[in-house]
Amino acid sequence: NMASEVQNRERVLDELVGQRTQELADKNMALSDAQSLINKELDLARQLQLAILPDTFPDITNCSGHARMLPATQMGGDFYDFIQLPDGRVAMVMADVSGKGVTAAFFMAVARTCINSLVRDQANPGHCLENANNELCRQNPLDLFVTVFLGIFDPKTGVLEYANGGHNPPLLLSADGQTQWIESTGDMALGVLPDMPYIVAKKQLSPGDMLLSYTDGVTEAMNDKAMFGTDRLLASIGEFQTTDLQVAIKTLRDKVRDFEAGQPPSDDLALLLMRWHGPSGH
């Protein structure tokens, strides 16, 4: 009787283990299916996010440009924009939302749409950032912020008017190979405090000059030993003047990724490069 009872208990235990194992397998399958669906949705969202950013620079005979954004995860908070204005000038935006991932991506979409719409109506970079800041402060339940460089360039004269809301200053690459940082205006990121003024500054470009704007995903890229930093950035742009803009952007992007040596990207990365060929007819 004891042997029979032990056998019955073993059989019941085996059946229970089998049932629990099957239940666990079913739950794992359901979790795998759910994760696969989430990944598919995130991939679609990433494609849509990248699709709202312009692929090409406006068709201007004496001015050319190229830009790209690479999110650190499926979606990112960095963005750029090119907007051709009715008076023939072109607005260039480089921006970086705090954080990364889905939350930053949603705020990026709001900020990009807001700035894009405002700059078409008021082609003054300071007024545009001031009004965009007020809009973002009203639509910011998670207290995010975005740093923005907004430049409006006149291809007829080579004059760049710009405002800078807390973003790292762009680099000016002269035709003679010299480099200099575009002077920062020292103003605050957007979405922090309403009713903030934004100073407008001007820079005269010479024929052949190039403007490189970027987010800190470039200079703050890391491997297990160091950051990429501004020194490596400056050393990486020596051949830009003799290189196609698209190739130059890809080359710099690849250098950053190679420097990371297989480490997951610590932040989103965006690059924008614009070259002025000189006044019309030159």
Correct closest heavy-atom pair for P207 and A175 would be O-CB, 3.7 Å
Check whether N168 reaches the backbone of Y214 with its side chain - one donor and one acceptor, N or O, closer than 3.5 Å.
yes
Taking the side chain as everything from C-beta on, heavy atoms only, tell me whether Y162 gets closer than 4.5 Å to L150.
no
Non-neighbouring partners of F259 that pass ring-ring contact (aromatic ring centres under 6.0 Å, His included), sequence neighbours left out
F228
What I'd like to find out is whether the side chain of Q22 reaches to under 4.5 Å of the side chain of Q19, using heavy atoms alone.
no
Just to verify, what does I199 make a side-chain contact (heavy atoms from CB on, under 4.5 Å) with, not counting sequence neighbours?
T185, D187
Does a side-chain N-to-carboxylate-O contact under 4.0 Å join E15 and R11?
yes
Straight-line distance of L212 CG to T179 OG1, nearest 0.5 Å:
10.5 Å
Would a single hydrophobic cluster contain both V192 and I115, if residues Ile, Leu, Val, Met, Phe, Trp and Tyr are joined by side-chain heavy-atom contacts under 4.5 Å?
yes
In terms of heavy-atom contacts, G76 and M108 come closest through O-CB, 4.2 Å
Restricting to non-hydrogen atoms, name the atom on F82 and the atom on A67 that form the minimum distance, rounded to 0.1 Å.
CZ-CB, 3.7 Å
In Å and rounded to the nearest 0.5 Å, what is the CZ to CG distance from F153 to L205?
5.0 Å
So, W181 side chain and E183 main chain: donor-acceptor pair closer than 3.5 Å or not?
no
Going by atom type alone, with no hydrogens or angles, which donor-acceptor pairs under 3.5 Å involve a side-chain atom of residues 128-141 and a protein atom two or more places apart or on another chain?
residue : atom : partner : partner atom : Å
N131    : ND2  : Q122    : OE1          : 2.6
N131    : ND2  : H127    : O            : 3.2
N133    : OD1  : G191    : N            : 2.8
N133    : ND2  : L193    : O            : 2.7
N134    : OD1  : D195    : N            : 2.6
N134    : ND2  : E130    : O            : 3.4
E135    : OE1  : Q139    : NE2          : 3.3
E135    : OE2  : R138    : NH2          : 2.8
N140    : OD1  : D143    : N            : 3.2
N140    : OD1  : L144    : N            : 2.8
N140    : ND2  : L144    : O            : 2.5
N140    : ND2  : G191    : O            : 3.2

Examine L85 and V200 and state if one hydrophobic cluster contains both, with Ile, Leu, Val, Met, Phe, Trp and Tyr joined whenever side-chain heavy atoms are less than 4.5 Å apart.
no
If you look at every heavy atom in P265 and E260, which pair is closest and at what distance?
CA-OE2, 3.7 Å
F145 CZ: over 12 foreign heavy atoms closer than 6.0 Å:
no
F107 CZ to C114 SG distance, which is reported to the nearest 0.5 Å:
9.0 Å
So how far is it from D209 CG to H277 NE2, rounded to the nearest 0.5 Å?
12.0 Å
Partner of I152 under side-chain contact (heavy atoms from CB on, under 4.5 Å), picked from V119, N124, D87, L160, is V119
Partner set under side chain to side chain donor-acceptor pair (under 3.5 Å) for Q180, not counting sequence neighbours:
K203
Do any N or O atoms from the side chain of R89 and from the backbone of K156 form a donor-acceptor pair under 3.5 angstrom?
no
What is the minimum heavy-atom distance between N116 and R120, and which atoms define it?
OD1-NE, 2.8 Å
Under a 4.5 Å cut-off applied to non-hydrogen side-chain atoms, are I182 and L211 in contact?
yes
Check D81 with R112, please: is the shortest side-chain N to carboxylate O separation under 4.0 Å?
yes
If you define the side chain from C-beta out and look only at heavy atoms, does anything of M210 sit under 4.5 Å from F240?
yes
Report yes if some heavy atom in the side chain of F79 is under 4.5 Å from a heavy atom in the side chain of I52; otherwise report no.
no
Does CD belonging to Q263 count more than 12 external heavy atoms closer than 6.0 Å?
yes
Is the side chain of N164 donor-acceptor paired with the backbone N or O of F149 at a distance under 3.5 Å, no angle test?
no
Output all residues satisfying side-chain contact (heavy atoms from CB on, under 4.5 Å) with Q178, sequence neighbours left out; order by chain, then residue number.
S174, D176
Would you please say whether a donor-acceptor pair under 3.5 Å links the side chains of T215 and D78?
yes
Rounded distance (nearest 0.5 Å) linking atom CE of M274 with atom CD1 of I60:
9.0 Å
Distance col, row I237:CD1 vs L252:CG, nearest 0.5 angstrom, shows 8.0 Å
Counting neighbours of CG on D59 that are heavy atoms of other residues, nucleotides or ligands and sit closer than 6.0 Å, is the number greater than 12?
no
Residues two or more places apart in sequence or in another chain: which of them pass side chain to side chain donor-acceptor pair (under 3.5 Å) with R68?
none
If we only count heavy atoms from C-beta on, is the H167 to V148 side-chain gap below 4.5 Å?
no
I'd like to know if the side chain of S117 and the backbone of T113 have a donor-acceptor N/O pair within less than 3.5 Å.
no
Among the clusters formed by ILVMFWY side chains lying less than 4.5 Å apart, do I249 and L234 turn up in the same one?
yes
Less than 4.5 Å apart, side chain to side chain, heavy atoms only: is that true for R257 and L70?
yes
Is there a side-chain contact between V256 and L269 (heavy atoms, below 4.5 Å)?
yes
Measure across A189 and Y198 and return the closest heavy-atom pair with its distance rounded to 0.1 Å.
O-OH, 3.6 Å
